[in-house]
Amino acid sequence: MQNALTGKRVLITQATEFMGPVLCEVFAEQGAKVVASAADLSEPGAARRVVEEAGPIDVLVANLAIRAPTTAAVEVGEAEWRTVFAALVDPLPHLVGAAAPAMIQRRAGKILVMGSASALRGMKRASTYSAARGAQLAYAQAVGVELAPHQVQVNAIAQNFVDNPTYFPPEVQANPRFQERLAREVPLGRLVAAREDALFAAYLCSPAADCFVGQVFPVCGGWVGR
């Protein structure tokens with residue numbers, strides 16, 4: 001799959017967080033011209049502005065992340081709910097609304113949502129985060145089938161236990177309790193490497209993946225299948 005994105009102009013959001021750094025690195029290795037944005041997309045108008053300032057793009061990678069709260073469901077307040085949805089869900093229609101029309105017009109384009117497998121398997125003390133991640137995946141599925149006739153492919157990666165600095169920083173990985181959890185819950189027996197995930201993302205954004213529309217791909221070392 002070497003140079004699978006040669007000639008493609010790719011906008012990657014939150015490029016300094018979550019999967020952002022490794023996505024930028026791998027996509028550039030695959031020949032893409034990467035437009036890396038570190039803008040806070042929870043601010044009103046920011047998402048649409050980021051797309052407009054990026055100029056013409058062939059691929060949009062909606063990389064959205066927030067530190068996941070660990071509040072018990074019965075204790076979740078309005079502020080937490082709104083903060084998490086403002087970070088993970090609210091930017092999506094604005095990103096897509098700004099990027100998709102040009103893709104539709106030229107009948108070519110890719111949109112990939114970097115989501116979470118927490119939406120696919122119940123987790124304690126993660127109701128707000130899981131709900132927002134679930135909304136992301138449902139949105140990608142719906143928009144995917146809507147834009148497919150225009151030759152624009154929209155898909156999502158639902159990841160967990162992927163090595164990244166937002167959710168699995170070095171101090172977490174070094175914790176014996178985390179290592180025990182990893183061995184107990186993840187059939188792979190280790191974190192998925194960041195590059196493994198990013199290379200799969202690059203594939204989904206390449207011409208080789210034109211047949212995938214509105215699909216959610218778990219990348220979690222088998223965690224979802226347990």
A.B. asks: I want to check something: taking the side chain as every heavy atom from C-beta on, are Ile12 and Val34 in contact at a cut-off of under 4.5 Å?
C.D. replies: yes
A.B. asks: Measuring from Gln179:CD to Gln173:CD, what's the distance to the nearest 0.5 Å?
C.D. replies: 7.5 Å
A.B. asks: Should Asn164 and Val22 be marked as a side chain to side chain contact (heavy atoms under 4.5 Å, CB included) after you check the CA-CA gap, both sets of side-chain angles, and the distance that decides it?
C.D. replies: CA-CA 9 Å; Asn164 71 84; Val22 69; over 6 Å; no
A.B. asks: Under the side chain to side chain contact (heavy atoms under 4.5 Å, CB included) rule, what do Cys205 and Val10 come out as? Steps first, then yes or no, please.
C.D. replies: CA-CA 9 Å; Cys205 293; Val10 181; over 6 Å; no
A.B. asks: Assess whether atom CD of Gln105 is packed by more than 12 heavy atoms of other residues, nucleotides or ligands within 6.0 Å.
C.D. replies: no
A.B. asks: For Glu80 and Thr71, test the side chains for any donor-to-acceptor distance below 3.5 angstrom and give the result as yes or no.
C.D. replies: yes
A.B. asks: Quick one: closest heavy-atom pair of Val162 and Ala194, and the distance?
C.D. replies: CG1-CA, 4.3 Å
A.B. asks: Distance check, rounded to the nearest 0.5 Å: Gln14 atom CD versus Leu23 atom CG?
C.D. replies: 11.5 Å
A.B. asks: Flag the pair Phe217 / Tyr203 as yes when their ring centroid distance falls below 6.0 Å, and as no otherwise.
C.D. replies: no
A.B. asks: Is there a side-chain contact between Tyr139 and Val113, using heavy atoms and a 4.5 Å cut-off?
C.D. replies: no
A.B. asks: Can a donor-acceptor pair be found, under 3.5 Å and without considering hydrogens, that links the side chain of Thr13 to the backbone of Asn63?
C.D. replies: yes
A.B. asks: Rounded at 0.5 Å granularity, tell me how far CG in Leu11 sits from CD1 in Ile57.
C.D. replies: 5.0 Å
A.B. asks: Taking Thr6 for the side chain and Gly31 for the main chain, is one N or O donor matched with an acceptor at less than 3.5 Å?
C.D. replies: no
A.B. asks: Return the minimal non-hydrogen interatomic distance between Asp197 and Met114, and the atom names on each side.
C.D. replies: OD2-CE, 4.0 Å
A.B. asks: For Arg195 and Glu25, what are the C-alpha separation, side-chain angles and deciding distance, and is it a side chain to side chain contact (heavy atoms under 4.5 Å, CB included)?
C.D. replies: CA-CA 9 Å; Arg195 284 185 61 85; Glu25 177 184 324; 3.1 Å; yes
A.B. asks: Does one hydrophobic cluster hold both Val213 and Val143, with members joined at side-chain heavy-atom distances below 4.5 Å?
C.D. replies: no
A.B. asks: State the CZ-OH distance between Arg67 and Tyr129, to the nearest 0.5 angstrom.
C.D. replies: 10.5 Å
A.B. asks: Nearest 0.5 Å please: distance from the CG atom of Leu191 over to the OH atom of Tyr167.
C.D. replies: 14.5 Å
A.B. asks: In Å, rounded to the nearest 0.5 Å, how long is the span from CZ of Arg49 to NE2 of His94?
C.D. replies: 11.5 Å
A.B. asks: On a heavy-atom basis, which atom in Leu41 and which in Ala47 lie closest, and how many Å separate them?
C.D. replies: CD2-CA, 3.9 Å
A.B. asks: Answer yes if Val145 and Ile157 sit in the same cluster of Ile, Leu, Val, Met, Phe, Trp and Tyr residues linked by side chain heavy atoms under 4.5 Å apart, and no otherwise.
C.D. replies: no
A.B. asks: State whether the side chain of Gln30 and the backbone N or O of Asn3 hold a donor-acceptor pair below 3.5 Å, judged by distance alone.
C.D. replies: yes
A.B. asks: Please report the closest heavy-atom contact between Glu17 and Pro21, naming both atoms and the distance.
C.D. replies: O-CD, 3.7 Å
A.B. asks: Which atom pair, heavy atoms only, marks the closest approach of Ala4 to Pro207?
C.D. replies: O-CD, 3.6 Å
A.B. asks: Only one of Asp210, Asp58, Asn155 passes side chain to side chain donor-acceptor pair (under 3.5 Å) with Lys110; say which it is.
C.D. replies: Asp210
A.B. asks: Side-chain contact, heavy-atom cut-off 4.5 Å: Met103 with Leu147?
C.D. replies: no
A.B. asks: Find out whether Leu92 and Leu64 are in side-chain contact, i.e. whether some heavy atom of one side chain is under 4.5 Å from a heavy atom of the other.
C.D. replies: yes
A.B. asks: Parallel, tilted or perpendicular: which fits the ring planes of Phe161 and Phe168, with parallel below 30° and perpendicular above 60°?
C.D. replies: parallel
A.B. asks: Please evaluate residues Glu146 and Val152 with respect to the criterion side chain to side chain contact (heavy atoms under 4.5 Å, CB included), reporting the C-alpha separation (whole Å), side-chain torsions for both, the decisive distance (0.1 Å), and the verdict.
C.D. replies: CA-CA 9 Å; Glu146 186 173 333; Val152 177; over 6 Å; no
